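Data first, discussion second: the structure below is written as C-alpha cells.
Keep in mind that this is a model prediction, so the values were computed, not measured. Atoms considered below: every heavy atom in the structure, side chains included; atoms not considered: hydrogens, waters and symmetry mates.
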Amino acid sequence: MHEPASPGWLLVALCAATGAYCLLRMRSPVEEQRRTAGAEALMGFGMAAMAVPAAVVAPPRWAWLLYVTVFGAAALRGLRTARSSPHQLHHLMGAVAMVYMAAVMTVAPAHHAHSHGSAGVPLLTGALLLYFTGYVVRSGVRLLPLAASGGGLGAGGPGGPSVAEGWGTRRTVRWGDRPELSQACRLSMGIAMLAMLVTL
C-alpha cells in the first residue's frame, strides 16, 4: 500500500490497537469468543504491519511471501470453519484480501514505494471493495443500537459493566466480552481494509 506517511501511521495505530483488544478478548471464558478473537488479532496485527508506510520501511520480497503463507493458511482454516459460523465467512474474506494484497506486492514490490496507479486486478479489487463497503455499512448499522443501549449492560464495578441475571443478581462483564466493543473493532478493521484496498 502506498498511502502518505501520516495517514499510514494512523492506520498502523488503529490496526495495532484493534489487534491488542482482540488479544484481551482471547482471555474470555467463552470458547467461541476466544476462537474468533484469535483470528481477529492475527488480522489486526497483520494489517498493522502491512500498513507501515513504504517511505519508512520498504519490505523485502520475502516479507510479502510470508504474508501470503500466513494468511493463506488462515484462509484455508476459515474455509473449513465457514460452514459452521457465518462470521467465519468474514474471516475467510479478510484472509483472502490479505493474501491478494500481499501477492500484488510480491509481484510488483516497487509499486509499493513509487507508483500511484492501480497495481492489482481491477475486477478483484472492485469485488473486495464492494464486499468490505457492505460489511462496514452493515457493522455500523448494527453498532448503533448496541451503543445506544450500552449492549444491554449497566454500570459496574472496577472489573467493567454488569448485566442483570436472575433473582436480582448482577454479573460483572469483562471488557473483552462487551459486544459493542467487539463490533466496533470489527468495524475498525473493515474500514482499515477498505483504506488499504483503495490505496493498492
Side-chain angles (χ1 to χ4, degrees), residues 1-3 7-8 10-19 21-22 25 32-33 35-52 64-108 111-112 115-147 179-200:
M1 283 71 302
H2 52 268
E3 64 275 352
L10 288 174
L11 195 59
V12 170
L14 175 67
C15 294
T18 301
Y21 177 70
C22 289
R25 288 172 51 215
E32 179 64 19
Q33 177 86 308
R35 188 161 50 243
T36 59
E40 289 166 2
L42 173 65
M43 184 67 65
F45 287 122
M47 290 171 68
M50 190 180 281
V52 172
W64 298 115
L65 291 172
L66 181 62
Y67 282 122
V68 171
T69 303
V70 170
F71 286 99
L76 290 175
R77 182 180 180 277
L79 190 61
R80 289 197 306 269
T81 58
R83 294 180 181 179
S84 62
S85 170
H87 187 66
Q88 295 296 330
L89 182 60
H90 174 67
H91 288 169
L92 171 62
M93 290 298 295
V96 167
M98 293 292 282
V99 169
Y100 169 63
M101 291 187 291
V104 168
M105 293 299 112
T106 301
V107 173
H111 177 88
H112 178 74
S115 177
H116 293 276
S118 175
V121 180
L123 186 61
L124 184 51
T125 303
L128 289 170
L129 282 169
L130 281 176
Y131 171 79
F132 283 100
T133 298
Y135 180 81
V136 165
V137 171
R138 178 174 171 269
S139 297
V141 170
R142 290 181 64 189
L143 186 59
L144 291 177
L146 284 174
E180 73 276 19
L181 292 180
S182 300
Q183 192 65 34
C185 279
R186 291 167 186 150
L187 175 61
S188 299
M189 282 198 288
I191 293 171
M193 186 68 78
L194 274 176
M196 293 171 73
L197 285 167
V198 165
T199 57
L200 186 64

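In this structure Phe45 satisfies the ring-ring contact (aromatic ring centres under 6.0 Å, His included) test with no other residue, sequence neighbours excluded. Qualifying side-chain contact (heavy atoms from CB on, under 4.5 Å) partners for Ile191, counting only residues two or more places apart in sequence or in other chains: Val136, Leu187. By the side chain to side chain donor-acceptor pair (under 3.5 Å) test, Tyr131 is found to be paired with His90, residues two or more places apart in sequence or in another chain being considered. Considering only residues two or more places apart in sequence or on other chains, Leu79 meets the side-chain contact (heavy atoms from CB on, under 4.5 Å) condition with Leu92. Listed by chain and residue number, Tyr67 satisfy the side-chain contact (heavy atoms from CB on, under 4.5 Å) test with Ala49 (two or more places apart in sequence, or in another chain).
The shortest heavy-atom contact between Ala74 and Leu42 is CB-CD2, 4.2 Å. Across Ala16 and Ala48, no two heavy atoms sit closer than the pair N-CB, 3.7 Å. Between Met193 and Gly94, the closest heavy-atom pair is CE-O, 3.8 Å. Residue Val121 comes nearest to Tyr100 through the heavy atom pair N-OH, 2.7 Å, listed as atom of the first residue, atom of the second, then distance. Shortest non-hydrogen contact noted between Leu129 and Val198 is CD2-CG2, 3.7 Å. Closest non-hydrogen pair, Ala192 versus Met47, comes out as CB-CE, 3.5 Å.
Atoms OG and OH, from Ser188 and Tyr21 in turn, are 11.5 Å apart once rounded to the nearest 0.5 Å. Distance check: Met98 CE to Leu128 CG gives 12.0 Å after rounding to the nearest 0.5 Å. For the atom pair OG1 (Thr106) and CE (Met101), the distance works out to 12.0 Å, reported to the nearest 0.5 Å. Rounding to the nearest 0.5 Å places CG of Leu10 at 8.5 Å from CG of Leu14. We find the CE-SG distance between Met189 and Cys15 to be 8.0 Å, quoted to the nearest 0.5 Å.
Residues Tyr135 and Met93 have side chains not in contact (no heavy-atom distance under 4.5 Å, counting atoms from C-beta outward).
For the side-chain contact (heavy atoms from CB on, under 4.5 Å) with Phe71, the qualifying choice from Leu76, Val96, Val99 is Val99, the only one to do so.
Under the salt bridge (Lys or Arg N to Asp or Glu O under 4.0 Å) criterion, the residue pairs touching residues 39-51 are Arg25-Glu40, Glu40-Arg186, with sequence neighbours excluded.
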